[in-house]
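The chains referred to below are lettered A, B, ... by the order of the sequence lines, with proteins before strands, and numbering in each begins at 1. A quick note: this is a predicted structure, and the numbers were derived from the prediction, not measured.
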Number of protein chains: 2
Amino acid sequence: MSKKILIVEDEQDILQLITFHLQAEGFATLTALNGIKGLELAKEQIPDMILLDLMLPGMDGLEVCKTLKRDPKTENIPVVMLTAKGEEIDRIVGFELGADDYITKPFSPRELILRLRAILRRYETEKPTPSKISFGDLQIDLDSYRVWIDKEQIYLTITEFNLLLELLENKGRVRSRNQLLDRVWGYQFDGYARTVDTHVRRLRQKIGPYADAIETVRGVGYRFKDSE
Amino acid sequence: MSKKILIVEDEQDILQLITFHLQAEGFATLTALNGIKGLELAKEQIPDMILLDLMLPGMDGLEVCKTLKRDPKTENIPVVMLTAKGEEIDRIVGFELGADDYITKPFSPRELILRLRAILRRYETEKPTPSKISFGDLQIDLDSYRVWIDKEQIYLTITEFNLLLELLENKGRVRSRNQLLDRVWGYQFDGYARTVDTHVRRLRQKIGPYADAIETVRGVGYRFKDSE
DNA sequence: AGCTTAAGTGACATTTGCGTGACGCGGACG
DNA sequence: CGTCCGCGTCACGCAAATGTCACTTAAGCT
């Protein structure tokens with residue numbers, strides 16, 4: 001059964017973006033445009049997780065979080081705070097108030113999904129989602145963001161890691177440069193599509209023997225081989 | 001291949017401005033001055049996106065949007081509402097009616113383009129097209145852009161791939177050279193119609209045993225065989 | 001059969017797309 | 001405050017893909 005996630009966010013475009021990507025990942029989504037509505041929905045629907053914007057009209061995210069954590073009905077639902085960069089101080093406060101994690105805007109969809117999955121995994125008792133992905137001797141640990149080839153750890157940057165993951169998780173499917181920008185870099189990126197090329201190159205370099213598992217589809221994009 | 005965008009807007013100067021900038025960005029544009037015309041064009045041309053002004057003479061934007069979303073032919077086309085500042089309330093209404101995004105006037109061309117790009121990108125992934133097509137032992141995977149004959153992979157260029165797809169998806173129907181140019185090459189292609197011949201030839205060569213599944217209709221165009 | 005017109009074919013010049021190395025910026029960190 | 005690292009951009013060169021043309025072959029018509 002797919003997980004139900006409540007998103008409380010007042011900015012329509014961000015809300016849309018998040019719901020879109022979560023739905024694409026197979027989550028069920030509920031949305032609220034302000035804290036009050038959010039609380040109501042949380043109590044009524046008991047979602048599996050709540051994404052909570054810090055800055056909300058009326059009742060702000062902290063307040064909402066506090067209230068949720070006080071109610072036995074909702075206290076066990078993991079809460080992830082969405083904060084804008086620069087609201088650093090509030091991170092701690094968020095934790096003190098019982099939020100379970102935070103993510104700073106702007107974030108890439110990839111990042112968001114990784115984070116949510118990790119948290120859900122932590123909370124999940126019944127059916128654990130895999131925290132490792134592998135392709136031949138290439139192994140990836142989603143929780144620790146580490147990668148090994150043949151037991152030997154290799155060091156990727158976040159961008160490279162996300163790129164690799166995005167391609168690997170969609171093995172066999174061609175991703176255009178724009179799709180990759182959208183999913184790995186995020187909505188705020190406004191730049192040169194060939195930036196992707198450079199990162200693909202760096203990634204290929206680092207994954208040495210698996211370099212050609214990332215296939216180039218001329219005129220379209222890149223694709224991770226779907227068989228070893 | 002450039003995207004086709006329908007703009008429905010009654011104010012001539014804004015319309016002009018938008019078309020100008022979109023064309024400069026390489027989009028193909030269709031225009032309508034009122035809702036009725038807009039609907040007609042949408043159904044007839046199936047654009048990749050619709051820019052819809054909220055305030056229109058006769059049938060207003062909301063009405064048009066609702067109608068579009070009710071028709072299975074057009075329901076999947078992303079609709080972006082153009083609203084004047086101050087029509088805030090209507091934003092939500094717009095979403096309720098199925099609009100996919102909105103942009104408030106006045107906007108900068110840059111802003112508009114960025115927004116449209118983002119939305120188009122978002123929709124590229126979502127298209128629920130079947131991912132495989134086959135004809136006898138000829139198999140095509142749309143996701144990975146690969147083609148096999150009798151389990152053996154063959155390598156087509158994208159033009160060849162798209163051409164094959166266009167013919168195969170319209171099995172039995174004759175396509176003229178100009179139609180093929182339009183659909184495979186794109187709206188802006190202005191060149192020699194016999195270029196198609198060359199590509200048909202290359203394609204036939206590569207698909208060897210299926211070469212004569214692509215039939216020549218003398219004086220008209222090409223057609224993919226109806227039955228195997 | 002002979003003529004006319006359309007399609008097939010091979011060669012070629014040009015264009016396009018990708019890989020690559022280098023560079024500069026800005027933030028993180030000591 | 002200086003250094004280092006990751007990132008985004010750019011310019012260049014190679015190789016593949018593309019579009020065009022001239023020529024050949026086939027098809028349809030009288």
_In terms of relative ring orientation, are B:F135 and B:F224 parallel, tilted or perpendicular, with 30° and 60° separating the classes?_
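Perpendicular.
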
*So, do B:I14 and B:D53 sit near enough that their side-chain heavy atoms are less than 4.5 Å apart?*
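A side-chain contact is absent here, since even the closest heavy-atom pair is not under 4.5 Å.
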
Closest approach of [X] and [Y], non-hydrogen atoms and distance?
X	Y	value
B:T195	B:Y192	OG1-O, 3.0 Å
B:L30	B:P47	CD1-CB, 4.4 Å
B:L167	B:I214	CD1-CG2, 4.1 Å
A:R110	A:E169	NH2-OE1, 2.7 Å
B:Q179	B:V174	OE1-O, 3.8 Å
B:I50	B:A42	CD1-CB, 3.9 Å

*So what does A:T216 touch, heavy atoms closer than 4.0 Å: a base, only the sugar-phosphate, or nothing?*
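If one applies the 4.0 Å heavy-atom cut-off, A:T216 turns out to touch the sugar-phosphate alone, with no base involved.
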
*Give one of base, sugar-phosphate or nothing for B:Y222, where a contact means two heavy atoms less than 4.0 Å apart.*
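Here B:Y222 touches the backbone only, sparing every base.
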
Rounded distance in Å - [atom1] ([X]) to [atom2] ([N]):
X	N	atom1	atom2	value
A:R223	C:dC18	CZ	C1'	15 Å
B:E215	D:dA26	CD	P	19 Å
B:I214	C:dA7	CD1	C1'	14 Å
B:D190	C:dT15	CG	P	14 Å
A:L203	D:dG8	CG	P	14 Å
B:H199	D:dC21	NE2	C1'	14 Å
A:Y155	D:dC4	OH	C1'	18 Å
B:I158	C:dT15	CD1	P	18 Å

Counting only heavy atoms not in [X], do more than 12 sit closer than 6.0 Å to its [atom1] atom?
X	atom1	result
B:F20	CZ	no
A:Y210	OH	yes
B:E152	CD	no

*Classify every nucleotide of nucleotides 1-6 of chain C by which part a protein heavy atom approaches to under 4.0 Å, writing B for the base, S for the sugar-phosphate alone and - for neither, in 5'-to-3' order.*
----BB

*Assign each of B:L156 and A:T159 to its nearest nucleotide of DNA chain D by heavy atoms, then name whichever residue's nucleotide is nearer the 5' end.*
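The 5'-side residue here is A:T159.
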
_If the helix axis at each end comes from five base pairs, how far does the helix from C:dA1-D:dT30 to C:dG30-D:dC1 deviate from straight, to 10°?_
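Overall, the helix from C:dA1-D:dT30 to C:dG30-D:dC1 bends by 30° from one end axis to the other.
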
*A:N170 and A:E166 side chains, donor-acceptor separation under 3.5 Å*: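 Short answer, yes.
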
Do any N or O atoms of the protein come closer than 3.5 Å to N or O atoms of nucleotides 20-23 of chain C, and which pairs are they?
{"residue": "C:dG21", "atom": "OP2", "partner": "A:R201", "partner atom": "NH2", "Å": "3.4"}

*Distance test, side-chain N/O of B:W185 to OP1/OP2 of D:dT18, below 4.0 Å*: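 Checking D:dT18 against B:W185, no side-chain N or O comes under 4.0 Å of OP1 or OP2.
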
